Amino acid sequence: MITLSNNLPDINIKSVVYVKLMCLYAAYREYDKIALFWVQRDDSDNITALISLIDNNMIICRDGGDEAELRCFIKAISPTTVFTDLDTANVLGLKIV
């Protein structure tokens with residue numbers, strides 16, 4: 001389940017995507033009209049993805065999770081760009097530029 005979050009938890013993914021997302025969170029977490037942050041959790045309440053949206057640009061830091069739910073979420077939000085790692089982009093069928 002993807003839910004809006006005021007406090008992003010730490011996840012065990014150390015990548016450029018994670019660093020970028022957490023830097024944006026540190027800079028914009030108090031500005032909910034500028035930036036939105038979501039957490040995806042599985043049925044066991046484990047965190048499977050962190051997602052941000054700033055200026056219609058999305059970042060997805062994923063560790064497993066429900067791929068169909070992420071695809072539907074991206075389609076519903078319809079961001080201009082999605083920044084993520086290559087594996088996630090391929091799994092979600094994102095156009096790679």
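Index from 1, following the sequence. Nothing here was measured: the structure is a model prediction, and the numbers come from that model.
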(request) Quick one: pull up CD in Glu69 and CD1 in Ile2 and give me the separation to the nearest 0.5 Å. (result) 4.0 Å
(message) Among residues at least two apart in sequence or on other chains, which ones pass side chain to side chain contact (heavy atoms under 4.5 Å, CB included) with Asp63?
(response) Ile13
(request) Supply the atom-to-atom distance Arg41 CZ to Asp66 CG, rounded to the nearest 0.5 angstrom. (result) 15.0 Å
(message) For the OH atom on Tyr28, are there more than 12 heavy atoms of other groups (residues, nucleotides or ligands in this structure) within a distance under 6.0 Å?
(response) no
(request) Group every Ile, Leu, Val, Met, Phe, Trp and Tyr by side-chain heavy-atom contacts under 4.5 Å, then state whether Leu70 and Phe83 land in the same group. (result) no
(message) Could you tell me if the side chain of Leu50 sits less than 4.5 Å from the side chain of Val39, heavy atoms only?
(response) yes
(request) Could you check Val91, Leu92, Asn90, Ile96 and say which one makes a side-chain contact (heavy atoms from CB on, under 4.5 Å) with Leu94? (result) Leu92
(message) Do Ile77 and Ile74 land in one hydrophobic cluster if side-chain heavy atoms of ILVMFWY residues count as linked below 4.5 Å?
(response) yes
(request) May I ask whether Trp38 and Ile47 are part of the same hydrophobic cluster, defined by side-chain heavy atoms of I, L, V, M, F, W, Y residues being less than 4.5 angstrom apart, directly or through others? (result) no
(message) Once rounded to the nearest 0.5 Å, what's the spacing between atom CG of Leu21 and atom CE of Met58?
(response) 10.5 Å
(message) Testing Asn57, Leu53, Ile51 one by one against Pro79 for a side-chain contact (heavy atoms from CB on, under 4.5 Å), which residue passes?
(response) Leu53
(message) To check you understand the geometry: which heavy-atom pair defines the closest contact between Thr84 and Ala89, and what is its length?
(response) CG2-N, 3.7 Å
(message) For a 4.5 angstrom cut-off between non-hydrogen side-chain atoms, does Val82 reach Ile60?
(response) yes
(message) If hydrophobic clusters are built by linking Ile, Leu, Val, Met, Phe, Trp and Tyr wherever their side-chain heavy atoms come under 4.5 Å apart, do Ile59 and Leu36 end up in the same one?
(response) no
(message) Hydrogens and angles aside, do Asn56 and Thr80 bring a side-chain donor and acceptor to less than 3.5 Å of each other?
(response) yes
(request) Could you pull out all residues at least two apart from Phe37 that satisfy ring-ring contact (aromatic ring centres under 6.0 Å, His included)? (result) Tyr25
(request) Check the hydrophobic clustering (I, L, V, M, F, W, Y; side-chain heavy atoms under 4.5 Å; chains of links allowed) and say if Leu4 and Leu24 are grouped together. (result) no
(message) Treating Thr48 as the side-chain partner and Gln40 as the backbone partner, does any N or O pair qualify as donor plus acceptor under 3.5 Å?
(response) yes
(request) Measure the spacing between CZ of Phe73 and OG of Ser78 and express it to the nearest 0.5 Å. (result) 12.0 Å
